[in-house]
There are 2 protein chains.
Amino acid sequence: MCNNFSKTVKIMISQTEENYLKAIFKLSEATQKPINTNAISVEMNTAAASVTDMIKRLSDKELIHYEKYKGVKLSQKGKTIATDLVRRHRLWEVFLLEKLGFAWDEVHDVAEELEHIKSDKLIDSLDSFLDFPKFDPHGDPIPDSDGNIQSRQQTLISKLEVDECGVLVGVYEHSKVFLQYLDKLGLNLGVNIKVLEKVDYDQSVKVLINETKEEIISKKVSQNLFIKTTTS
Amino acid sequence: MCNNFSKTVKIMISQTEENYLKAIFKLSEATQKPINTNAISVEMNTAAASVTDMIKRLSDKELIHYEKYKGVKLSQKGKTIATDLVRRHRLWEVFLLEKLGFAWDEVHDVAEELEHIKSDKLIDSLDSFLDFPKFDPHGDPIPDSDGNIQSRQQTLISKLEVDECGVLVGVYEHSKVFLQYLDKLGLNLGVNIKVLEKVDYDQSVKVLINETKEEIISKKVSQNLFIKTTTS
DNA sequence: ACATATTTTTAGACAAGTCTAAAAATATGT
DNA sequence: ACATATTTTTAGACTTGTCTAAAAATATGT
Ligand SMILES: [Mn+2]
Ligand SMILES: [Mn+2]
Ligand SMILES: [Mn+2]
Ligand SMILES: [Mn+2]
């Protein structure tokens, strides 16, 4: 009658599985629709056939919902794991930048490895050591230990009108070249931005940086910069 | 005639291979003789057959010298990799203790994972961030970035005579139980030790800790504590 | 020196994660 | 509606790292 264990069989999740979950999580941010095999294979840089294999494994472990030929969605369990991975990734990025003097274009690759270290004590101590940062070096929000992600109200520069202004709070693209180019333009997180002119011909935008420097940024750049508008 | 590239084919070494090299390195500290398969299988907690497989791979990569049935020795290349791994392990242990508030019995397991993160910039920045520590939380020396290991002059308590004294600078065993027991006895690194009495019957030792507290430690404990003797 | 015990290697199998090539299902355009 | 293009899955193979059971080599004791 007794001996009624509630077997909390803590399933093991490999580093590779974690990475797939994170990829699906990322792709899910842009849409509500199921994520298809090809999109994952592009994101993960693997053959579509490998993705199908992995999808089956993740589905067996109930980390995703999967119907043949219909794509996948994260289950609640999968979402939790992915969010936790994102938390770890972003906390390590803050550590590398703040404590070890890395530049914002150098943190991602190392965090990609550090994020897989499994220790709750480690990550919670790190969080506290860093003084509970809310955003990572690219302006992305850091989920708290319960998985809550602060939602940001922000706009792409490309969507602003002339004379609107605000603070640069994030970047959409994370590539090294892009981040280094922003450094060259003096576009670090926190600078003040005012839209001076929107060029009809090629959708480039002339902006005023920190009330002092004028720069023309291409359409492409303007679509990758998040601004928190200030109603001044 | 030209086109004489010195192909520095940076061979990839997996986490598992690194762990085997470290195990062989550790076993080599106690002896000059070749390390045999069985010893490695015990250290790595794997079947002897698995060790033989891995030995072949490491030998193919010229990380060890291997003769069938004769055991293995690290090559220069292997020694360099193992030393670097030990450096990373011990630096991470210092980080966990000093910066994240881990206890000395908690650092090892996490460092076991962190040591495999591959980034020279990471580990050198960490070294600098920690102010170039020379010893880890267990008193083990930290190799510098060129692989030089500071040799310690130290003695096991079991080898001291009555009235000799010194400072506790290291532990031989690293297990959680042992370290926690030392905490209970107040035997942290840095305390002053004086040998008050050596009991013939069971080789236990009565010591004076920091000129104030007397404790009797068993033979086994006394064989696991390194003292740097002070000629007072 | 030789029988016995121990250690090491081989043989064969398995799981995870990857690939390419081919087949099957779905989507698209006229 | 149907031919064509695209996407997804299957089939079969490979690598790394592991295992057990059995065979081969080495070590040991009298
Ligand atoms: Mn990143
Ligand atoms: Mn980031
Ligand atoms: Mn350790
Ligand atoms: Mn240590």
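Throughout, a chain's letter reflects where its sequence line sits, starting with A, and its residues are numbered from 1. Only this structure's heavy atoms are used, side chains among them; waters, hydrogens and symmetry mates stay out.
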From C-beta outward on Lys68(A), which listed nucleotide comes closest to its side chain: dA24(D), dT20(D), dT9(D)? dT9(D)
Phe95(A) and Phe129(A) aromatic ring geometry - parallel, tilted or perpendicular at 30°/60° bounds: tilted
Identify whether any heavy atom of Ser50(B) sits under 4.0 Å from a base atom; if not, whether one sits that close to sugar-phosphate; answer base, sugar-phosphate or nothing. base
With a 4.0 Å limit, can you tell me whether Thr46(B) has a side-chain N or O closer than that to the phosphate oxygens OP1/OP2 of dG17(D)? no
Scanning all shown strands, the Watson-Crick or wobble mate of dA16(C) with both distances under 3.5 Å is dT15(D)
OP1, OP2 of dA23(C) versus side-chain N and O of Tyr69(A): anything below 4.0 Å? no
Considering only dT8(D), dA25(D), dC19(D), which nucleotide approaches the side chain of Thr37(A) most closely? dT8(D)
Rounded to whole Å, the CD-C1' distance (Gln15(A) to dT16(D)) equals 15 Å
Categorize Lys56(B) for me: base, sugar-phosphate, or nothing, with a 4.0 angstrom heavy-atom threshold over every strand shown. sugar-phosphate
When the distance from CD1 of Ile40(A) to C1' of dT9(D) is rounded to whole Å, what number comes out? 14 Å
Between Glu43(B) and Lys26(B) (salt bridge meaning N to carboxylate O under 4.0 Å), is one present in this structure? yes
Carboxylate-amine/guanidinium contact Asp144(A) Arg87(A), below 4.0 Å: no
d(OH, Tyr20(B); P, dG17(D)) in whole Å: 9 Å
Heavy-atom donor-acceptor pair, Glu106(A) side chain to Ala103(A) backbone, under 3.5 Å: yes
Could you let me know what dT30(D) is paired to, Watson-Crick or G-U wobble, both distances under 3.5 Å, or none if it's on its own? dA1(C)
Residue among Glu93(B), Glu115(B), Glu18(B) satisfying side chain to side chain donor-acceptor pair (under 3.5 Å) with Arg88(B): Glu18(B)
Integer-rounded Å distance: dT16(D) P and Ile13(B) CD1: 13 Å
Reckon Thr52(A) touches a base, only the sugar-phosphate, or nothing at all at heavy-atom distances under 4.0 Å? base
Kindly point out which of dG17(D), dT9(D), dT18(C) is positioned nearest to the side chain of Glu17(B)? dG17(D)
From CE of Met12(A) over to C1' of dA15(C), roughly how many Å is that when rounded to an integer? 14 Å
What is the distance, rounded to the nearest whole Å, between atom CE of Met44(A) and atom P of dT18(C)? 6 Å
Considering only dC19(D), dA16(C), dT8(C), which nucleotide approaches the side chain of Arg57(A) most closely? dA16(C)
Rounded to whole Å, the CE-P distance (Met54(B) to dG17(D)) equals 4 Å
Contacts of Lys61(A) and Ala47(A) projected onto DNA chain C by closest heavy atom; the upstream (5') one is Lys61(A)
Need the pair for dT9(D). Rule: Watson-Crick or G-U wobble, both distances under 3.5 Å, any strand; none if unpaired. dA22(C)
Side chain of Asn38(A) only, please: which of dT7(D), dG17(C), dG17(D) is the nearest? dT7(D)
Just call it for Asp53(A): base, sugar-phosphate, or nothing, with non-hydrogen atoms closer than 4.0 Å on any strand. base
Nearest of dT20(D), dT20(C), dA25(D) to any side-chain atom of Ala49(A)? dT20(C)
For dG17(C) and Thr16(A) - does any side-chain N or O of the residue sit under 4.0 Å from the phosphate oxygens OP1/OP2? yes
Answer yes or no: is there an ion pair linking Lys22(A) with Glu112(A), defined by an N-O contact shorter than 4.0 Å? yes
